[in-house]
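Down below is the structure, laid out as structure tokens.
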Amino acid sequence: MVGRIPSVLKDAALTTFVAAALGFFIVGFRTVDVGSTKGLSFDYQFVDLGIALVVIFFGRVGLSLAAAGLPWPALALGLAMAAIGTLPLAMPSSFLHWFVILGGILIILRAGWPWANRWLTVARHSPSGTVAGQAGAKWFGALLLAAALVMPFTPMADQKTMDLSVLILTYVMLGWGLNIVVGLAGLLDLGYVAFYAVGAYSYALFSTQLGLGFWAVLPIAGAMAASFGLLLGFPVLRLRGDYLAIVTLGFGEIIRLVILNWFDLTNGPAGIGSIPGPTLFGAVFAETAPAGKQTFAEMMGIPFTGSQRLVFLYYIILGLALVTNLFAQRMRRLPVGRAWEALREDETACRALGINPTNTKLTAFAVGAMFAGFAGSFFAAKQRFISPESFTFIESAIILAIVVLGGMGSQIGVVLAAVLLIGLPEWFRDLGSYRMLAFGLAMVLIMVFRPRGLIAHREPSLRLHPVRRGGAP
């Protein structure tokens, strides 16, 4: 143990130095408006930075001790940090108390994780544990669905929460669509936002130029995006790994640049505005209806409220997401779904078994792109304005991060990752400059405890033989 201490301290010191270099400009000081005559001045927060660096140093020491197989010293250090955080010490911000406590909790969890993981592994591979895990997954999914259905009628469903829920569900749908390409077929796609943009611009152009409604254009947008998925699939049939990722990245940028420069069709960087929203049996969700139409409130005989449109949009995207999930689950059990999983595991063996990799890849790209087109059509109808700035590479990166973070191939994992990546920064917005610090801490927790994703799922959809006692196939 004594021989490991110098290396542990050296690693902690290096981590603290990197954190100091990054945090000096983020947390160390900020500009403050002191009036129109004096302009801006600096408000220094070096005490905040110093406390954070101390926590990072001891936190890294605790994590290194736990990783080196010394759980008891790490557990003692974590308990000490958590206790210090609860003391009524004079700190510049109450968040620093929570930061110290969370640092201690992180060390405690990391120190106890090997024991918990060993117990969970034994329980998971027992016959009763397998049955309980399957039942628990079904009940957890049912509870999530029930909570989503009643959420607009709960006291917490204000406009901000509903708008955030719609955004999260949009990324859940996109994540489930990309999960078909990346999680099931094993094809790394960095240009998924291109199909999202095709769906959005398809609805925007068909609705504003031809006067078609949302429900009429929705399948057209999906078909357009699927055709672009096939267009992408043909050039990359012989590519794998990083080369495939580079080509898909280039495809996404090509679509964005075409949208940006084809001014006659897409209106270029100015975007397309005045996009009509979705209707319910011809009724519009507005206070007054255009000539020849009626509002939803008039059709139902109820007073108009501003939340009616948002609730309707919420149930639309919830329905689209559920259709995506159901379709993906059914496809996994069909021959094409099993072919995707075979392609993911080993393309050479897949070809040797008589599976056509060309058709398998093209099907995965087309199906995944179709659901991105549906989501893009909804996005355009919700925003009523789209521009090329909404479809940059960062969107593809976020969607891919949701799939990887949730666990490639896992449907529930995508939901949890979308809530974490999209909802967490918004819910912690009141923390100000510490918001991204809390977000980064959550990412560290996941990387430490779940390096393969929140719910890593690499089990085959179907087995030829049942799992034997003890977990052996």
Side-chain angles (χ1 to χ4, degrees), residues 170-171 173-183 185-209 217-218 220-273 275 357-380 383 385-404:
T170 304
Y171 278 95
M173 182 177 178
L174 289 168
W176 279 340
L178 183 59
N179 202 22
I180 294 174
V181 182
V182 178
L187 305 171
L188 184 56
D189 188 353
L190 295 181
Y192 195 66
V193 73
F195 313 122
Y196 188 39
V198 169
Y201 272 89
S202 295
Y203 173 68
L205 292 173
F206 278 105
S207 61
T208 57
Q209 302 297 326
V217 179
L218 185 63
I220 299 176
M224 292 284 292
S227 63
F228 275 84
L230 293 174
L231 183 64
L232 169 63
F234 277 108
V236 301
L237 290 176
R238 296 180 178 273
L239 300 180
R240 304 181 189 179
D242 298 339
Y243 302 100
L244 173 63
I246 292 172
V247 173
T248 56
L249 172 62
F251 181 81
E253 285 300 299
I254 289 172
I255 295 297
R256 187 184 67 84
L257 291 175
V258 168
I259 292 173
L260 186 65
N261 292 283
W262 198 350
F263 192 87
D264 294 335
L265 180 66
T266 65
N267 205 26
I272 301 176
I275 302 172
T358 299
N359 295 343
T360 305
K361 289 182 179 181
L362 291 179
T363 306
F365 276 119
V367 173
M370 178 182 68
F371 289 113
F374 291 155
S377 180
F378 171 81
F379 174 77
Q383 296 296 113
F385 171 80
I386 56 173
S387 66
E389 284 73 23
S390 301
F391 309 103
T392 57
F393 168 71
I394 190 63
E395 293 296 321
S396 291
I398 291 174
I399 302 168
L400 181 62
I402 288 173
V403 174
V404 175

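Nothing fancy with the numbering, it's 1 onward along the sequence. Owing to the predicted nature of the structure, the values given are computational and were not obtained by experimental measurement.
Across Ser202 and Val217, no two heavy atoms sit closer than the pair O-CG1, 4.0 Å. The minimum heavy-atom distance between Phe251 and Phe195, with the atom names listed, is CE2-CE2, 3.7 Å. Of all non-hydrogen atoms in Ala375 and Met173, the two that sit nearest each other are N-CE, 3.8 Å. Listed here is the closest heavy atom pair of Gly373 and Ala225: CA-CB, 3.6 Å. Residues Ile255 and Ala194 share a closest heavy-atom pair of CG1-CB, 3.7 Å. Counting all heavy atoms, side chain and backbone alike, Ile386 lies closest to Ala200 at CD1-O, 3.6 Å.
By the 6.0 Å contact criterion, CZ on Phe378 is enclosed, its count of non-hydrogen atoms from other residues, nucleotides or ligands being greater than 12. For Tyr243, the OH atom is loosely surrounded, since the number of other residues' heavy atoms within 6.0 Å does not exceed 12.
Two residues are said to be in side-chain contact when any heavy atoms from C-beta on lie closer than 4.5 Å; Phe365 and Leu230 fail this criterion. Counting only heavy atoms from C-beta outward, the side chains of Tyr201 and Trp262 never approach each other to under 4.5 Å. Counting heavy atoms from C-beta on, the side chains of Val403 and Val181 never come closer than 4.5 Å. Using a 4.5 Å cut-off on side-chain heavy atoms (C-beta onward), Met224 and Tyr203 make no contact. Residues Thr248 and Leu188 are not in side-chain contact: their nearest non-hydrogen atoms beyond the backbone lie 4.5 Å or more apart. In this structure the side chain of Phe385 never reaches within 4.5 angstrom of the side chain of Ile275, judged on heavy atoms. Contact check for Ile180 versus Phe371: side-chain heavy atoms found under the 4.5 Å cut-off.
Atom CD of Glu389 sits about 8.0 Å away from atom CZ of Arg256, to the nearest 0.5 Å. If you take CG on Leu205 and CD1 on Ile220, they are separated by 12.0 Å, rounding to the nearest 0.5 Å. The CG atom of Leu190 sits 11.0 Å away from atom CD of Glu253, with the distance rounded to the nearest 0.5 Å. With values rounded to the nearest 0.5 angstrom, Asn267 atom CG is found 12.5 Å from Ile259 atom CD1. Between Leu174 atom CG and Leu400 atom CG the span is 12.5 Å, to the nearest 0.5 Å. From Leu244, atom CG reaches atom CG of Leu249 across 11.0 Å, with rounding to the nearest 0.5 Å.
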Item checked: Thr392/Val193 under side chain to side chain contact (heavy atoms under 4.5 Å, CB included): CA gap, chis, key distance, verdict -> CA-CA 7 Å; Thr392 57; Val193 73; over 6 Å; no
Item checked: Residues Thr170, Tyr196; criterion side chain to side chain contact (heavy atoms under 4.5 Å, CB included); working and verdict -> CA-CA 11 Å; Thr170 304; Tyr196 188 39; 3.9 Å; yes
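Using a distance-only test at 3.5 Å, with no hydrogens or angles considered, no donor-acceptor pair links the side chain of Thr266 to the main chain of Phe263. For Tyr192 (side chain) and Gly368 (main-chain N/O), a donor-acceptor pair under 3.5 Å exists by modelled atom type.
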